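Numbering of residues begins at 1 and proceeds along the displayed sequence. Given the structure is predicted, the values throughout are model-derived calculations rather than measurements.
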Amino acid sequence: MRLENLVMQARDAERVGAFWTQALGLVDAGPTDFGFEGRLVLGDDLFLDLSVEQVDRAPTPSPRLHPDLAGGARQQEVVDRLLGLGARHLDVGQRDVPWVVLADPDGNPFCVMEDREAFRDTGPIAALPLDSADPERDAALYAALTGWVQGVGSAPVTLRHPSLRGPLLELCRELSPKQGQNRLHLDVRPEADDPSRDELVDLALTFGATRADDDWAQGHPWVVLRDTSGNELCILDQLDG
């Protein structure tokens with residue numbers, strides 16, 4: 001299985017997609033039937049697609065999932081470049097922290113991180129922090145669905161591709177329970193030799209996931225689930241061949 005998509009909502013998907021294309025160096029990027037999509041290449045056969053869905057609603061100030069971009073020793077240079085592309089500084093009550101909080105042109109929050117050993121070889125996205133009511137429980141679910149491996153003695157609980165390349169998925173203890181639909185979510189796709197989509201859904205259910213019963217979650221070629229903390233998660237159709 002692969003963690004294939006980071007899905008983001010925006011009121012102007014094409015504008016936001018163009019921003020993230022420049023910010024991350026996406027390839028094969030452009031408009032789609034639902035909004036915009038581009039690919040972040042992380043190595044041989046390792047990638048993450050950024051999909052931007054066109055929506056009408058504004059972003060929430062404290063999303064349960066957001067991208068942390070790699071800054072490192074060049075943090076201020078990275079911040080200045082992003083501001084030049086259309087980002088803006090954002091105050092979410094972070095106070096005195098070593099990372100910089102920004103928003104994309106539609107107001108979706110993200111961070112530019114300071115130098116950390118854990119962020120070596122991640123590429124431009126250092127981490128994907130996701131709010132969780134029970135990080136260990138959610139980590140077990142995502143590990144089962146993606147094949148990603150858990151860090152040892154890490155806080156927050158983190159998962160990473162077995163090659164130890166690409167971003168970390170960080171399961172962060174939530175400050176409050178989930179309310180409403182997340183503006184960002186993750187998609188998992190089974191590959192040709194993996195269990196089928198429906199088998200993967202059944203596996204997720206055994207780890208505590210539930211099917212989303214909202215009207216907007218029905219009638220798609222993918223299955224919309226909620227992880228054990230209520231965060232939306234989609235299981236896509238199996239790849240052919």
Side-chain angles (χ1 to χ4, degrees), residues 6 8-11 16 19-20 22-25 40 42 48 50 52 57-139 142 148 150-160 164-186 227 229-231:
L6 171 62
M8 174 184 299
Q9 296 179 342
R11 289 165 294 182
V16 169
F19 167 82
W20 285 106
Q22 296 178 75
L24 300 176
L40 175 60
L42 298 165
L48 180 67
L50 177 69
V52 186
R57 64 192 182 99
T60 56
S62 298
R64 291 175 64 86
L65 173 65
H66 70 270
D68 281 349
L69 304 194
R74 299 173 48 249
Q75 183 187 47
Q76 188 57 54
E77 180 182 338
V78 173
V79 169
D80 291 343
R81 176 175 174 271
L82 293 166
L83 293 173
L85 294 175
R88 60 180 174 84
H89 284 284
L90 187 66
D91 185 354
V92 294
Q94 65 269 27
R95 299 191 178 181
D96 185 19
V97 294
W99 55 86
V100 179
V101 182
L102 301 176
D104 72 13
D106 198 55
N108 293 304
F110 66 97
C111 299
V112 180
M113 305 305 292
E114 76 284 5
D115 190 32
R116 294 187 195 178
E117 182 63 33
F119 295 155
R120 299 290 185 264
D121 299 322
T122 62
I125 301 179
L128 297 168
L130 176 64
D131 284 2
S132 170
D134 187 331
E136 292 286 356
R137 184 181 63 190
D138 277 319
Y142 284 99
W148 284 25
Q150 186 166 335
V152 177
S154 57
V157 177
T158 62
L159 296 174
R160 198 173 187 186
L164 302 184
R165 295 174 297 159
L168 284 66
L169 178 61
E170 297 182 343
L171 286 306
C172 305
R173 179 72 62 177
E174 67 184 18
L175 298 179
S176 58
K178 180 181 182 297
Q179 295 182 351
Q181 183 186 0
N182 288 357
R183 216 175 192 240
L184 284 81
H185 72 265
L186 302 172
D227 67 19
S229 299
N231 300 302

Exercise. Sequence neighbours left out, what passes ring-ring contact (aromatic ring centres under 6.0 Å, His included) with Phe19? Give chain and number order.
Key: none

Quiz item: Quick one: are Leu102 and Leu83 in side-chain contact, heavy atoms under 4.5 Å?
Solution: yes

Please list every donor-acceptor pair under 3.5 Å in which a side-chain atom of residues 118-125 meets a protein atom from a residue at least two apart or in another chain.
{"from": "Arg120", "atom 1": "NH1", "to": "Asp115", "atom 2": "OD1", "distance (Å)": "2.9"}
{"from": "Arg120", "atom 1": "NH1", "to": "Arg116", "atom 2": "O", "distance (Å)": "3.0"}
{"from": "Thr122", "atom 1": "OG1", "to": "Phe119", "atom 2": "O", "distance (Å)": "3.3"}

Quiz item: With sequence neighbours left out, what residues match Pro59 under side chain to side chain contact (heavy atoms under 4.5 Å, CB included)?
Solution: Arg11, Asp106, Asn108, Arg183

Quiz prompt | Steps toward side-chain contact (heavy atoms from CB on, under 4.5 Å) verdict (Leu90, Val101) | solution = CA-CA 6 Å; Leu90 187 66; Val101 182; 4.0 Å; yes

Quiz item: What is the distance from atom CZ of Arg160 to atom OG1 of Thr158, rounded to the nearest 0.5 Å?
Solution: 9.0 Å

N/O donor-acceptor pairs under 3.5 Å from side chains in residues 64-75, not counting sequence neighbours:
{"from": "Arg64", "atom 1": "NE", "to": "Asn231", "atom 2": "OD1", "distance (Å)": "2.7"}
{"from": "Arg64", "atom 1": "NH1", "to": "Glu174", "atom 2": "OE1", "distance (Å)": "3.2"}
{"from": "Arg64", "atom 1": "NH1", "to": "Ser176", "atom 2": "O", "distance (Å)": "3.3"}
{"from": "Arg64", "atom 1": "NH2", "to": "Asp131", "atom 2": "O", "distance (Å)": "3.3"}
{"from": "Arg64", "atom 1": "NH2", "to": "Glu174", "atom 2": "OE1", "distance (Å)": "2.9"}
{"from": "His66", "atom 1": "NE2", "to": "Asp68", "atom 2": "OD1", "distance (Å)": "2.9"}
{"from": "Arg74", "atom 1": "NE", "to": "Glu77", "atom 2": "OE1", "distance (Å)": "3.4"}
{"from": "Arg74", "atom 1": "NH2", "to": "Glu77", "atom 2": "OE2", "distance (Å)": "3.1"}
{"from": "Gln75", "atom 1": "NE2", "to": "Pro98", "atom 2": "O", "distance (Å)": "2.9"}
{"from": "Gln75", "atom 1": "NE2", "to": "Val112", "atom 2": "O", "distance (Å)": "3.1"}

Let me have the donor-acceptor pairs involving side chains of residues 165-173, under 3.5 Å, with sequence neighbours excluded, atom names and distances please.
{"from": "Arg165", "atom 1": "NE", "to": "Ser163", "atom 2": "OG", "distance (Å)": "3.1"}
{"from": "Arg173", "atom 1": "NH1", "to": "Ala133", "atom 2": "O", "distance (Å)": "2.5"}

Self-check item: Inter-residue atom distance Leu128.CG - Leu159.CG, 0.5 Å rounding
Solution: 11.0 Å

Quiz item: How would you list, by chain and number, every residue that makes a side chain to side chain contact (heavy atoms under 4.5 Å, CB included) with Gln181, sequence neighbours excluded?
Solution: Gln9, Arg57, Trp216, Glu232

Quiz item: Centroid-to-centroid, Phe110 to Trp20, below 6.0 Å?
Solution: yes

Quiz item: How would you list all residue pairs meeting side-chain hydrogen bond (donor to acceptor under 3.5 Å, both in side chains) that involve residues 83-94, not counting sequence neighbours?
Solution: none

Exercise. Taking the side chain as every heavy atom from C-beta outward, state whether Asn182 and Thr60 have any pair of such atoms under 4.5 Å apart.
Key: no

Practice problem: Could you list the residues that satisfy side chain to side chain contact (heavy atoms under 4.5 Å, CB included) with Glu136, not counting sequence neighbours? | Solution: Asp134, Gln150, Val157

Practice problem: Start with the C-alpha gap between Asp227 and Leu130, add the side-chain angles, then the distance that decides, and say whether side-chain contact (heavy atoms from CB on, under 4.5 Å) holds. | Solution: CA-CA 11 Å; Asp227 67 19; Leu130 176 64; 3.9 Å; yes

